Amino acid sequence: MDTNSENLQDFKKLHDCIEKIKQIDDQRKAPTRDGMIKALAEAQSIAFLEIAAAQIPQGASYKPWKDFTDEALYNMLLPYRQGLCQHCIIKFGEKAFEQALKATQQ
């Protein structure tokens with residue numbers, strides 16, 4: 001694989017991660033049960049290890065999404081967001097992550 005192709009793949013992965021962060025932010029502002037479950041599941045598929053590490057202090061519980069209360073789902077949004085951010089920083093670097101995040105907020 002050439003460098004341009006790798007850069008394009010990295011850009012797509014970073015963009016996808018930023019989109020998942022925005023999805024979580026949207027759910028924090030106007031939560032719906034289905035929206036929270038979708039945002040959490042998609043975030044977990046990208047950054048499982050970082051999310052698990054962010055949840056350890058909260059006493060993470062692994063069970064089906066349907067078994068969580070709406071309040072529990074809402075309380076998971078911030079640690080999942082933090083896990084996604086950490087994933088982006090580790091994978092793409094802090095500067096690239098901050099620039100991409102800022103660009104999507106304009």
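This one's a predicted model, so the numbers in the text were calculated from it and none came from an experiment. The basis for the numbers below is simple: all heavy atoms, side chains too, and nothing from hydrogens, waters or symmetry mates. Numbering starts at 1 and runs along the sequence shown.
- Note: H15 NE2 to D10 CG = 14.5 Å, rounded to the nearest 0.5 Å.
- Under the 3.5 Å distance criterion, the side-chain polar atoms of R33 are matched with a main-chain donor or acceptor of K66.
- Note that the CD1 atom of I51 and the CZ atom of R81 stand 12.0 Å from one another [nearest 0.5 Å].
- Separating the NZ atom in K22 from the CG atom in L101 is a distance of 9.0 Å, to the nearest 0.5 Å.
- A heavy-atom distance below 4.5 Å is not found between the side chains of Q44 and L40.
- The distance from the CD1 atom of I18 to the NZ atom of K102 is 12.5 Å, given to the nearest 0.5 Å.
- The main-chain N or O of Y74 is never found under 3.5 Å from a side-chain atom of Q27 such that the two would form a donor-acceptor pair.
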Show me, pair by pair, the donor-acceptor contacts under 3.5 angstrom made by side chains of residues 87-97, not counting sequence neighbours?
| from | atom 1 | to | atom 2 | distance (Å) |
| --- | --- | --- | --- | --- |
| H87 | ND1 | E50 | OE1 | 3.4 |
| H87 | ND1 | E50 | OE2 | 3.4 |

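- Taking the six-membered ring where the residue is Trp, W65 and F68 present tilted rings, their angle falling between 30° and 60°.
- For the side-chain contact (heavy atoms from CB on, under 4.5 Å) test with Q23, the passing option among M36, E42, R28 is E42; the others fail.
- Of the inter-residue distances, the one linking I46 atom CD1 with D16 atom CG reads 6.0 Å to the nearest 0.5 angstrom.
- With contacts defined as side-chain heavy-atom distances shorter than 4.5 Å, the pair I21/D25 qualifies.
- In this structure a side-chain-to-backbone donor-acceptor pair under 3.5 Å is present from N75 to E71.
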- Test side chain to side chain contact (heavy atoms under 4.5 Å, CB included) on Q82 and L78 and set out the steps. CA-CA 6 Å; Q82 292 168 336; L78 186 57; 3.9 Å; yes

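- Atom CD of E19 sits about 9.5 Å away from atom CG of D26, to the nearest 0.5 Å.
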